[in-house]
Amino acid sequence: MHRLAILTLACSALWGASRRDDRELAEELRKRISESKETKASEMRPYKTTVQGTTVSFEMVPIPGAAHVEPFWMGKYEVTWDEYRLFMFANQAGETLKKDELVDAVSRPTRPYVEMSFGMGIDGYPAISMTRHAANKYAEWLSARTGQFYRLPTEAEWEFACLAGDSKPLGDYAWYAANSDGKYQKVGTKKPNAWGLYDMLGNVMEWTLEGYARGGSWNDPADQVRCGDRVADDPMWQMQDPQLPKSIWYLTDAQWLGFRLVRPLKVPTADEMYRYWNRGVQKEVARFEAAEPHMGTLFRITLYAADAGQAQAAFDAAFLRVKQLDDALSDYKPDSELMRLCRTTSGQPVAVSPDLFTVLEEAQQLSRDSDGAFDVTLGPVVRLWRQGRANGHPPGAEAVRLALARSGYKKLILDRASRTAQLTAAGMMLDLGAIAKGYAADEALAVLRRNGMTRALVAASGDLAIGDAPPGQAGWRVGTGCSDASESVLTLSNTAVSTSGDTEQYLESGGVRYSHIIDPKTGRGLVKRSCVTVISDFGIHADSLATAASVLSERQGPEAALTFINRHVPATGRIGKF
C-alpha cells in the first residue's frame, strides 16, 4: 500500500503591503500615459529617456515581435542601481522638491535592513535582490514619472529577445561563475546580442511577469547560463531575512537576481495595467483542506487561498477533474472506459480517450524499461490476490499460472497515430492502480494552478503532487513512513513524490507476509518488506516508478532498484523499511 503522511502546518498569512495605489490610480495613470506615435512595428526606433529632475537615463531597444509576441521595446541594459535607487529613495528622484501626486501614490520600498548591493558596487551595476512585487512597482513608478507604460516582460517576450543571434563563445556575451570573479559586473561590458541587448545571459537573472527568473547569473556555471534557463520564485530566497513577517520588497538571499523592463507598442487598458503592476502582490491567505473518495482511496487537497469562496471554487474544479479520470481509468467501475476496453473482442484496436492513452503509453514505456517489472496487464492476477486477501488464503499455483497466461505487457499494443489500444489475448484485464492515482494528482494540481491556487498539495493515498511552498515555508513537509530511511521527513515544492510498501494492503498466511505489489514474472505478492520512495517531476512517474522499484528491489536487491530509479532523470529514490 502506498503510504505518505502530510505533516500538519498551522494556518499562515502572508504579509500584505499597505498600499495607497489601487485600481483608481491605474485609471489616472492611463490618462497620463500617451499613445505611442509609432503605429507600425517597422517604424519603431531606439530611444533614450532621462528621468525628469535627475541626470539618470535609460535606453530602450525595439523588438519587432513575431507570431507569438506583439512588438515591444526592451531595456538595452538590466535596470541599474542608478535607476532603481530613484525609486527606493524619493529624495534622490527630486520628488521632495516638486510634488507629483500620481508618482507619490505608487507604493515605494521601505528602507532596506542591509546594504542591498552587498559591497559589489552601485554606479553602473545592476540592481539586485528585489521581489517581483518590488520590480512591478518600479515599473508603475517609472510609468508615472515618464508618461510611458512600462512593465516586466512575459516569459515569451524575454525568451524571444534572448534568442537573437549566436552567443558563442559564451565568455564574449555573459558574466558567469567562471569569469565573474564572484560578483556581478557593470552592465554593458560584454557584447550585445543581435537585437543590441546587453547581458541577456549571465550577470543577473531577470524577473518575468509569470514569476520566473531567466537567463542565468554571475553565480551560475556555464551550462545554466542559457536562454531556456528558468527558476521559480522560492521562499529560500528570504531565508536570512531577519524580519517577521518577511519583507515584501527585498530578497536577502537572491544577490544574483535583477530585472529589465519592456514597453509594448500597444498601450494596454487601465484594467490591464493594474493587473500587470500588481502581479506578485502578497495577499493575506489562509489554509484550506477538502477531501473526496475517488479511485478506491481518499483524495485530499490542501491549499492556500484568500477566502473560503475562492478555495471552494478551486476544490470543486479539481475534484471534478479527478472524477472524470476515475470514470475513465478505474478497474472497480464496470462502466469505466478502461473496463469497456477490457470487454472488447481480443485483437480489435479500440479508439481511446487522450487520458487513457497517455496513461497506457507511460505504463508501456516503463514496462519496457524495467524488463516487465511494471505491468498494467496484470489485472487477472491482481484480482486473484484481492480475493485471497478477502478470504485469508493466497491463490493456488494453477490459478496464478492461468492468470499469468492472460497477462503480459507485450500483449497490449498501442498506436499513437490512431490513438488506439489493442488487447491481443482473450480474457485480458488491465489494472492501472499503480499509475492512475499519480496521473490524477498531477491533473488536479494543474487545475488548481489554472484557478490561481499555486500553493497547493494533492494527496491520493501515498501519491502526492506538490505545488509552490506554503507561505513563509521552504516547502511542504512530507513524511515517507519509512522508519529507517535516511530522510523520513522531506521538505518539497513543485514536484511529486510516491512511497510504495505493504503497510496496509497485505496477506499473511502460513507465516509468510505477501504484499499487494505483485511480481509480474512470478504472479506472487512480494515477500521482502521494503519501503520505496520516489521523487520526480510528475506524479504519473513517481507512482509507477515506486511500484517498479519495489519489484526490482526484491528481484535484484535495493542497490539495483535505486540505480533503476536514478536512471529516470530527474527521478531520485530512497529504499528503507517500515
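Computed from heavy atoms alone, side chains included, the values below leave out hydrogens, waters and symmetry copies.
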Trainee: List the atom of Y304, the atom of R287, and the distance in Å for their closest heavy-atom pair.
Mentor: OH-CD, 3.3 Å
Trainee: Taking the ring of W256 and the ring of W237, is the distance between their centroids below 6.0 Å?
Mentor: yes
Trainee: Is R401 salt-bridged to E398, cutoff N-O under 4.0 Å?
Mentor: yes
Trainee: C227: which residues meet the disulfide bond (SG atoms under 2.5 Å apart) condition with it, sequence neighbours left out?
Mentor: C162
Trainee: Any chance CD of Q387 has more than 12 other-residue heavy atoms, nucleotides or ligands included, within less than 6.0 Å?
Mentor: no
Trainee: One pair to check against side-chain contact (heavy atoms from CB on, under 4.5 Å): V376 and D431. What are the steps and the verdict?
Mentor: CA-CA 5 Å; V376 296; D431 183 333; 5.9 Å; no
Trainee: Going through the checks in order, is the side-chain contact (heavy atoms from CB on, under 4.5 Å) test met by L329 and L338?
Mentor: CA-CA 5 Å; L329 308 177; L338 181 71; 5.6 Å; no
Trainee: Is any side-chain heavy atom of F357 less than 4.5 Å from a side-chain heavy atom of L414?
Mentor: yes
Trainee: Quick one: are M429 and L378 in side-chain contact, heavy atoms under 4.5 Å?
Mentor: no
Trainee: So that I can tick it off, tell me whether D442 and K437 are bridged by a salt bridge, with the cut-off set at under 4.0 angstrom between side-chain N and carboxylate O.
Mentor: no
Trainee: Ring of Y332, cation from R386 - is the NZ or CZ under 6.0 Å from the centre and inside 45° of the axis?
Mentor: yes
Trainee: What I'd like to find out is whether the side chain of L257 reaches to under 4.5 Å of the side chain of W207, using heavy atoms alone.
Mentor: yes
Trainee: To the closest 0.5 Å, what do you measure between CZ (F374) and CG (D543)?
Mentor: 7.0 Å
Trainee: Quick one: are V231 and D229 in side-chain contact, heavy atoms under 4.5 Å?
Mentor: yes
Trainee: Report the distance from atom CD of E159 to atom CE of M200, rounding to the nearest 0.5 Å.
Mentor: 9.5 Å
Trainee: What is the minimum heavy-atom distance between D307 and Q310, and which atoms define it?
Mentor: OD1-N, 2.7 Å
Trainee: With the side chain counted from C-beta on, respond yes when L170 and Y176 share a heavy-atom pair under 4.5 Å apart, and no when they do not.
Mentor: yes
Trainee: Is the shortest heavy-atom distance from the side chain of T495 to the side chain of I535 under 4.5 Å?
Mentor: yes
Trainee: Within this structure, what is the CG-CG distance for the pair N193 and D166, rounded to the nearest 0.5 Å?
Mentor: 11.0 Å
Trainee: Of all residues at least two apart in sequence or in a different chain, which pass the salt bridge (charged side-chain N to carboxylate O under 4.0 Å, His left out) check with D326?
Mentor: K333
Trainee: Does a side chain donor of either S336 or S330 reach within less than 3.5 Å of an acceptor in the other side chain?
Mentor: no
Trainee: A cation-pi test, strictly: NZ or CZ of R230 under 6.0 Å from the centre of the six-membered ring of Y212 and no more than 45 degrees from its axis. Yes or no?
Mentor: yes
Trainee: Are more than 12 heavy atoms from other residues, nucleotides or ligands located less than 6.0 Å from atom NZ of K323?
Mentor: no
Trainee: Do L464 and V458 have side chains that get closer than 4.5 Å, going by heavy atoms?
Mentor: no
Trainee: Can D375 and T377 be counted as having a side-chain donor-acceptor contact under 3.5 angstrom?
Mentor: yes
Trainee: So how far is it from L404 CG to T522 OG1, rounded to the nearest 0.5 Å?
Mentor: 7.5 Å
Trainee: Within a 6.0 Å radius of atom CD on Q324, are there more than 12 heavy atoms belonging to other residues, nucleotides or ligands?
Mentor: yes
Trainee: For M339, does the CE atom have more than 12 heavy-atom neighbours from other residues, nucleotides or ligands under 6.0 Å away?
Mentor: yes
Trainee: Would you say the side-chain atoms of S498 and D463 include a donor-acceptor pair closer than 3.5 Å?
Mentor: yes
Trainee: Decide yes or no on side-chain contact (heavy atoms from CB on, under 4.5 Å) for L152 and T208, but give the supporting numbers first.
Mentor: CA-CA 6 Å; L152 289 176; T208 61; 6.0 Å; no
Trainee: What's the separation between atom CE in M236 and atom CG in D253, rounded to the nearest 0.5 Å?
Mentor: 7.5 Å
Trainee: Nearest heavy-atom pair of A373 and V551: which atoms, and what distance?
Mentor: O-CG2, 3.6 Å
Trainee: Are V447 and V322 close enough, and set up right, to give a side-chain contact (heavy atoms from CB on, under 4.5 Å), and what steps lead you there?
Mentor: CA-CA 10 Å; V447 169; V322 174; over 6 Å; no
Trainee: Answer yes when E443 and R321 have at least one side-chain N-carboxylate O distance shorter than 4.0 Å, and no when they do not.
Mentor: yes
Trainee: Quick check: do L360 and L430 have side-chain heavy atoms less than 4.5 Å from each other?
Mentor: yes
Trainee: Regarding D355 and T358, is there a side-chain donor-to-acceptor distance under 3.5 Å anywhere?
Mentor: no
Trainee: In plain terms, say whether D519 and R555 are close enough for a salt bridge, that is, a side-chain N and a carboxylate O under 4.0 Å apart.
Mentor: yes
Trainee: Is the number of heavy atoms from other residues, nucleotides or ligands under 6.0 Å of R343 CZ greater than 12?
Mentor: yes
Trainee: Mind jotting down which residue pairs meet the ring pair (Phe, Tyr, Trp, His ring centres under 6.0 Å) criterion with at least one end in residues 385-406? Sequence neighbours excluded, please.
Mentor: W385-Y514
Trainee: Out of curiosity, E292 CD to F315 CZ, how far, rounded to the nearest 0.5 Å?
Mentor: 10.0 Å
Trainee: Check M295, E337, H294 against L325 for a side-chain contact (heavy atoms from CB on, under 4.5 Å) and give me the one that passes.
Mentor: M295
Trainee: Would one find more than 12 heavy atoms of other residues, nucleotides or ligands at under 6.0 Å from atom CG of D415?
Mentor: yes
Trainee: Do other residues, nucleotides or ligands put more than 12 heavy atoms under 6.0 Å from Y409 OH?
Mentor: yes
